[in-house]
Amino acid sequence: MIRTAYWPENLDFKEGDSESVRYKKDDGLPGKVWSSMNIEIIHKADNTGLLKNMMLNETESIQTAVGIPIILQGRLISILCFGSKVHRKKIEQAIYSDVSIQIASAMERKLSQNQLSDFFQYSPNLIAVIGLDGFIKMANPAFVKTFNYSTAEILSQPFSTFIHPDDLDKTFKAIKQISIGAEDFEIRCRQKNGDYIWISWRFSRFFENEIIVYIYGTNVTAIKNHEALLRNSEKRFKSLVQEGSDHMAVLDHDLKFIYNSPGTEQLYGFSIDQLSHTHFADRVCNDDWPKIAGILKELKEGQRFQLPSYRVKDQSDTIHWIETIPTNLSDDDTVGGIVLNSRDITEFIIRERQLIESLKRYDIVAKATSDIITDYHIASGIMKASDTLESVFG
């Protein structure tokens, strides 16, 4: 323990300056108080040695001394020592106990005020005090910085000045219904440059009939912007996937369905719930499955691949030809599987086969007849003729 002050200043019983005077437990009167944590009274006549060399001048010395502990929040933070020239001076211990308590209470209040002041000054959140006249009475630096007004400008305008017109009713209702408790709500607030930001406010009173309102706010503009982007992304997803004609599905590591778009439901004839967690192999024709399964299992994380056309069966065992691009997003927490983007190419396959059959018939007829056969393509303007044309016209 270090002595920090003494009085009278021109009378020091210890050698050296004040900052070098230190005490240990049981060392002198301060050490005795430190050890007991109680008020201690000593008299020179008791020969304790604790008042040795306490000479005020050549003929007078301290005869009685009292040490008072100052205890704050269960901790000894200071000791006050008083001395008297009176032999066995009567000490009213109860009075000194009250003094100790009052000093500790005053220090605790000061500590709380300092802590509150630090919280007000250095908090990153917005803090202000509003009178029932609607004007801001106090605003912390974070409030001033966020709105970009000067402190004088903020204190000279009603709080409603900073609120979006569409949010005024909500704000007035919150203030009117406020109680000792607090309620969080979000409104748009105007900065000096005219931009609006989203603030999540909490309005409260410390006492029921208090004529001021304490407001505590957090700038949630970034969160709101992110939520808006997410909503727009969800809308795009819905328009591209949920309402699209293509089929999208997600397979887990066992190649079972964990997601199906409505288009997939239309393809297979099963509801999304019926398809959920069924194996992809149940939908692919047996002859095509080994080839498709082999490619999917070898697909590396992040890799995309164009699968060869393959056949699937719907609920009525009707065959559909499918063209699919799988993407392995198994390590993506938002997906967690292989994404299949597919489209039904059955009609294309049928037309392709019909064209091949038509060409085969044309070739057979052209070789079997001596007549000249011509084929005129309207779109390209190209005309083809059978080999008979050369034999007839040379």
Side-chain angles (χ1 to χ4, degrees), residues 226-363 377 379:
H226 179 75
E227 290 175 348
L229 289 173
L230 184 60
R231 286 193 299 269
N232 291 335
S233 177
E234 289 174 347
K235 287 180 181 179
R236 286 195 295 270
F237 174 81
K238 184 176 181 180
S239 74
L240 292 174
V241 178
Q242 297 292 92
E243 299 174 0
S245 59
D246 286 353
H247 320 301
M248 177 177 286
V250 180
L251 307 178
D252 64 13
H253 63 280
D254 292 324
L255 302 184
K256 292 183 178 181
F257 290 109
I258 56 176
Y259 171 81
N260 287 280
S261 69
T264 306
E265 181 179 2
Q266 296 170 8
L267 171 65
Y268 294 119
F270 293 96
S271 69
I272 292 176
D273 289 339
Q274 288 174 319
L275 285 172
S276 180
H277 295 96
T278 61
H279 205 284
F280 187 38
D282 297 338
R283 305 272 61 84
V284 181
C285 291
N286 294 336
D287 293 343
D288 295 340
W289 175 246
K291 176 175 59 178
I292 300 301
I295 295 174
L296 293 178
K297 288 185 178 296
E298 293 297 324
L299 199 63
K300 297 179 180 179
E301 173 62 29
Q303 185 179 6
R304 294 165 59 91
F305 188 81
Q306 173 74 57
L307 292 178
S309 302
Y310 61 98
R311 295 163 294 173
V312 298
K313 297 175 292 184
D314 63 16
Q315 189 177 25
S316 61
D317 286 337
T318 300
I319 300 298
H320 298 265
W321 280 90
I322 298 295
E323 187 177 72
T324 297
I325 298 177
T327 305
N328 190 346
L329 298 177
S330 299
D331 290 343
D332 189 325
D333 293 336
T334 60
V335 180
I338 298 175
V339 179
L340 304 180
N341 286 292
S342 307
R343 65 188 184 100
D344 191 336
I345 59 171
T346 303
E347 186 175 351
F348 172 79
I349 293 294
I350 292 174
R351 289 182 179 178
E352 184 181 47
R353 288 182 174 180
Q354 289 174 345
L355 178 60
I356 292 174
E357 290 295 323
S358 176
L359 291 174
K360 285 183 179 179
R361 287 195 299 272
Y362 169 81
D363 189 55
H377 193 282

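Keep in mind that what you see is a predicted model, and the values were worked out from it rather than measured.
Pairing each heavy atom of Pro308 with each of Ile292, the nearest pair is O-CD1, 4.2 Å. Looking at every heavy atom in both residues, Trp289 comes nearest to Leu255 through CH2-CD1, 3.9 Å. Between Ile325 and Arg304, the closest heavy-atom pair is CG2-NH2, 3.7 Å. Summarising the geometry of Asp332 relative to Glu301, their closest heavy-atom pair is N-OE2, 4.4 Å, with the distance given to 0.1 Å. The two residues Cys285 and Ile319 come nearest to each other via the heavy atoms SG-CD1, 3.5 Å. Closest approach of Leu299 and Phe305 over heavy atoms only: CD1-CB, 3.8 Å.
With a 6.0 Å radius and a threshold of 12 heavy atoms from other residues, nucleotides or ligands, Asp254 has its CG atom above the threshold. With a 6.0 Å radius and a threshold of 12 heavy atoms from other residues, nucleotides or ligands, His226 has its NE2 atom at or below the threshold. For Arg311, the CZ atom counts as densely surrounded, since its 6.0 Å shell holds more than 12 non-hydrogen atoms of other residues, nucleotides or ligands. More than 12 heavy-atom neighbours from other residues, nucleotides or ligands sit within 6.0 angstrom of NZ on Lys313.
For the side-chain contact (heavy atoms from CB on, under 4.5 Å) test with Ile322, the passing option among Ile345, Ile349, Leu267 is Leu267; the others fail. Evaluated for a side-chain contact (heavy atoms from CB on, under 4.5 Å) with Phe257, the options Arg283, His279, Gln274 yield exactly one hit, Arg283.
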Self-check item: Test log, rule side-chain contact (heavy atoms from CB on, under 4.5 Å), inputs Leu296 and Phe280
Solution: CA-CA 11 Å; Leu296 293 178; Phe280 187 38; 4.0 Å; yes
Practice problem: Walk me through it: do Thr324 and Tyr310 pass the test side-chain contact (heavy atoms from CB on, under 4.5 Å)? | Solution: CA-CA 9 Å; Thr324 297; Tyr310 61 98; 2.7 Å; yes
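Side-chain contact of His320 with Asp314: a donor-acceptor pair under 3.5 Å is present, judged by distance alone. No side-chain donor-acceptor contact under 3.5 Å links Ser271 and Asp273.
Looking at Arg351 and Glu347, a side-chain N of the basic residue comes within less than 4.0 Å of a carboxylate O on the acidic one, giving a salt bridge.
Remark: Arg353 CZ to Trp321 CH2 distance equals 5.5 Å, nearest 0.5 Å. A distance of 11.5 Å separates CG in Asn260 from CZ in Phe270, rounded to the nearest 0.5 Å.
Side-chain contact check for Lys300 versus Asn328: every heavy-atom pair is 4.5 Å or farther apart.
Without hydrogens or angle criteria, Ser309 side chain to Glu323 main chain gives no donor-acceptor distance under 3.5 Å. Using modelled atom types, no side-chain atom of Ser276 and backbone atom of Ile258 make a donor-acceptor pair closer than 3.5 Å.
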